[in-house]
Protein chains: 2
Amino acid sequence: MTSDNDNPIDLRLLEPGETQDAATKAAVFAAAERLFAEQGFQNVSVRDITTEAGVNLAAVNYHFGSKDALLFEIFRRRTAELNRQRARMLHEAHARHDGRPPAREVLEALFAPPLHWSALDHPRRLSLQFIIRARGEGTEAMREALRNDVSYLARFADALAQARPDLAREEVYWRLHFCLGLIHNSQPAEFDRLNVLSGGLTQESDVEALLARMLDFAVAGFLA
Amino acid sequence: MTSDNDNPIDLRLLEPGETQDAATKAAVFAAAERLFAEQGFQNVSVRDITTEAGVNLAAVNYHFGSKDALLFEIFRRRTAELNRQRARMLHEAHARHDGRPPAREVLEALFAPPLHWSALDHPRRLSLQFIIRARGEGTEAMREALRNDVSYLARFADALAQARPDLAREEVYWRLHFCLGLIHNSQPAEFDRLNVLSGGLTQESDVEALLARMLDFAVAGFLA
DNA sequence: AGGGAAGACGAACGTTTGTTTGATCCCGAA
DNA sequence: TTCGGGATCAAACAAACGTTCGTCTTCCCT
């Protein structure tokens with residue numbers, strides 16, 4: 001049981017009908033998430049997954065129906081967890097400031113969960129890479145889910161609009177879009193290039209420092 | 001001959017050895033760029049390309065060697081053109097300000113070329129999507145090229161460091177990285193989500209307004 | 001102890017993939 | 001006109017793909 005593996009709590013929490021222990025299912029899920037995150041969706045075959053998980057080839061279709069359904073299941077579970085953490089942090093920021101949190105704390109609720117996931121020793125490190133990948137190379141079902149599930153983003157837009165009531169609503173959306181771009185750019189390949197450019201000066205492994213840097217940049221940009 | 005097609009000047013400019021007119025080669029190039037940009041690299045087969053181009057299946061391997069070589073050829077040609085435009089704008093900004101351009105004009109040299117390409121009626125609109133795609137789902141050769149070709153980025157970092165001499169060099173690199181993230185986020189899928197979120201309030205088709213918005217945000221973030 | 005459903009298994013299915021082959025066409029040079 | 005070589009063509013290639021099929025195995029329930 002490595003740190004990347006699922007705990008059974010997650011499995012039962014999101015699928016109430018699941019009564020089986022399904023160790024094989026969890027192994028497939030964990031192996032698929034890791035391989036997909038590292039190599040991309042189309043570059044990983046069902047045989048790669050089942051070999052990595054040490055289970056039979058037919059396990060994917062038996063437990064998840066199809067390769068695409070497995071992909072979507074991973075995507076759905078991880079995005080739900082990430083958005084839950086963001087919503088909770090935003091809620092706490094509201095509670096701390098009588099419903100009108102400053103822009104910095106709103107953006108922190110947006111940035112902190114994914115940035116913490118990106119830490120080298122975090123159990124959800126590969127989940128974040130998976131989600132970021134889904135944005136560009138995901139199934140049509142994934143992209144449709146990303147497109148339509150904007151309810152949690154709307155709450156961030158509302159909070160940001162409250163923090164800068166003089167700003168046109170349209171502008172709030174654009175700047176929120178820019179802030180999200182900062183997160184989606186937190187990919188290993190981008191960090192590698194940054195390291196080459198800076199001659200190893202930049203340390204993306206220091207997550208807290210990166211979060212502070214990103215917040216400085218984003219807050220200044222949003223309040224411009 | 002649609003607007004997306006290559007002109008023969010490009011072909012001869014980058015491959016001096018080319019003596020053949022090669023209308024078929026240009027048709028394959030144009031069809032491949034469009035399909036790859038729209039559907040992703042792995043979701044487009046050689047048969048899709050040759051059918052779209054109206055040529056024989058073997059044309060890809062005959063003219064480019066392999067599917068991957070064709071991909072890399074498109075990538076190499078388009079990134080070279082984009083970086084050339086950026087370098088030229090940066091050079092002009094230097095010329096206008098005695099070698100010390102303000103941050104806004106440096107960032108404009110970084111943002112303007114890709115943003116102009118993203119305009120609906122621009123002949124390089126799909127080229128930009130292709131380049132952005134290459135960042136996440138590209139071949140290992142592409143990602144290595146992206147990682148190692150930082151020479152043109154170094155000049156932007158130098159110019160930005162001159163505009164804010166008090167800023168630690170390390171910080172300059174980080175904020176340049178953040179600025180690049182704004183560009184990479186200019187994908188159709190992201191714009192779609194933004195439109196859903198804002199209820200159609202945001203108009204990404206107004207490229208000049210978007211460039212101004214992005215510059216406001218990035219300059220404030222960089223000077224924070 | 002026995003019955004039965006769920007799970008795991010090896011093996012094969014039919015497609016689709018990128019690539020290669022050898023014949024044929026076309027057109028400029030001799 | 002004849003020759004020759006680059007360009008195009010239909011056809012086939014082996015490999016890899018996702019999925020499905022029967023058949024064992026396992027283990028809980030009565």
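Numbers restart at 1 for each chain; the letters A, B, ... are given by sequence-line order, proteins then strands. Please read all numbers here as calculations on a predicted model, not as lab measurements.
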Q: For the side chain of B:Ser66, counting heavy atoms from C-beta on, which of D:dG18, C:dT19, C:dT17 is nearest?
A: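 Within the option list, the nearest is C:dT19.
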Q: Could you tell me which residues satisfy salt bridge (charged side-chain N to carboxylate O under 4.0 Å, His left out) with B:Glu208, sequence neighbours excluded, listed by chain and number?
A: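 For B:Glu208 there are no salt bridge (charged side-chain N to carboxylate O under 4.0 Å, His left out) partners, ignoring immediate neighbours.
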Q: Please report, rounded to the nearest Å, how far the P atom of D:dG18 is from the CG atom of A:Asn43.
A: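 From A:Asn43 CG to D:dG18 P: 11 Å.
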Q: Can you tell me how far P of C:dT17 sits from CG of B:Leu35, to the nearest Å?
A: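 For the pair B:Leu35 CG and C:dT17 P, the rounded distance is 13 Å.
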Q: Using nucleotides 8-12 of chain D, report all nitrogen or oxygen pairs with the protein that are shorter than 3.5 Å.
A:
{"residue": "D:dT8", "atom": "OP1", "partner": "B:Thr24", "partner atom": "OG1", "Å": "2.2"}
{"residue": "D:dT8", "atom": "OP2", "partner": "B:His63", "partner atom": "NE2", "Å": "2.8"}
{"residue": "D:dC9", "atom": "OP2", "partner": "B:Asn56", "partner atom": "N", "Å": "2.9"}
{"residue": "D:dA10", "atom": "OP2", "partner": "B:Asn56", "partner atom": "ND2", "Å": "3.2"}
{"residue": "D:dA10", "atom": "N7", "partner": "B:Asn56", "partner atom": "ND2", "Å": "3.3"}

Q: Between B:Gln39 (CD) and C:dT17 (P), how many Å, whole number?
A: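 Nearest whole value for this atom pair: 11 Å.
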Q: Once you round it to whole Å, what is the distance between C1' of D:dG18 and CZ of A:Phe41?
A: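 Taking atom C1' of D:dG18 as the reference, CZ of A:Phe41 is at 17 Å.
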Q: What residues, two or more places apart in sequence or in another chain, satisfy side chain to side chain contact (heavy atoms under 4.5 Å, CB included) together with B:Ala212?
A: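 By the side chain to side chain contact (heavy atoms under 4.5 Å, CB included) rule, B:Ala212 matches no residue at all.
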Q: Quick one: salt bridge (Lys or Arg N to Asp or Glu O under 4.0 Å) pairs with a partner in residues 140-149 of chain B, sequence neighbours left out?
A: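 Counting only pairs at least two positions apart or across chains, the salt bridge (Lys or Arg N to Asp or Glu O under 4.0 Å) contacts touching residues 140-149 of chain B are B:Glu140-B:Arg143, B:Glu140-B:Arg147.
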Q: Please list all pairs meeting salt bridge (Lys or Arg N to Asp or Glu O under 4.0 Å) that have one or both residues in residues 45-64 of chain A, counting only residues at least two apart or in different chains.
A: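 Only A:Arg34-A:Glu52 qualify under salt bridge (Lys or Arg N to Asp or Glu O under 4.0 Å).
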Q: With distance as the sole criterion, is a donor-acceptor pair present between the side chains of A:Thr139 and A:Asp68 under 3.5 Å?
A: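 Per modelled atom types, A:Thr139 and A:Asp68 side chains form no pair under 3.5 Å.
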Q: Can you tell me how far P of C:dT19 sits from CG of B:Leu71, to the nearest Å?
A: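 Spelled out: CG on B:Leu71 to P on C:dT19 is 10 Å.
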Q: Separation of B:Phe64 atom CZ from D:dA7 atom C1', in whole Å?
A: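 Going from B:Phe64 (CZ) to D:dA7 (C1'), I get 14 Å.
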Q: Under 4.5 Å between any side-chain heavy atoms of A:His122 and A:Ser127, yes or no?
A: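 Not in contact.
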Q: Quick one: which residue pairs count as a ring pair (Phe, Tyr, Trp, His ring centres under 6.0 Å) with a foot in residues 189-214 of chain A, not counting sequence neighbours?
A: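 For residues 189-214 of chain A: A:Phe191-B:His177.
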Q: Could you give all pairs that pass the salt bridge (Lys or Arg N to Asp or Glu O under 4.0 Å) test and reach residues 187-200 of chain B, with sequence neighbours left out?
A: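 Of all non-adjacent pairs touching residues 187-200 of chain B, those that pass salt bridge (Lys or Arg N to Asp or Glu O under 4.0 Å) are A:Arg135-B:Glu190, B:Glu190-B:Arg193.
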Q: Using atom CG of A:Asn61 as one end and atom P of D:dT19 as the other, report the distance to the nearest whole Å.
A: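 One finds 5 Å between P of D:dT19 and CG of A:Asn61, rounded.
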Q: Any stems for DNA chain C, made of 3 or more Watson-Crick or G-U pairs in a row, each with both distances under 3.5 Å?
A: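 C:3-30 with D:1-28 - these are the stems of 3 or more pairs that involve DNA chain C.
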Q: Using side chain to side chain contact (heavy atoms under 4.5 Å, CB included) as the criterion, list what pairs up with A:Ala93, not counting sequence neighbours.
A: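 A:Ala93: side chain to side chain contact (heavy atoms under 4.5 Å, CB included) contacts with A:Arg96, A:Pro101, A:Glu105.
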Q: Atom CG of B:Asp48 and atom P of C:dT16: how far apart are they, to the nearest Å?
A: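 After rounding, the reported distance stands at 11 Å.
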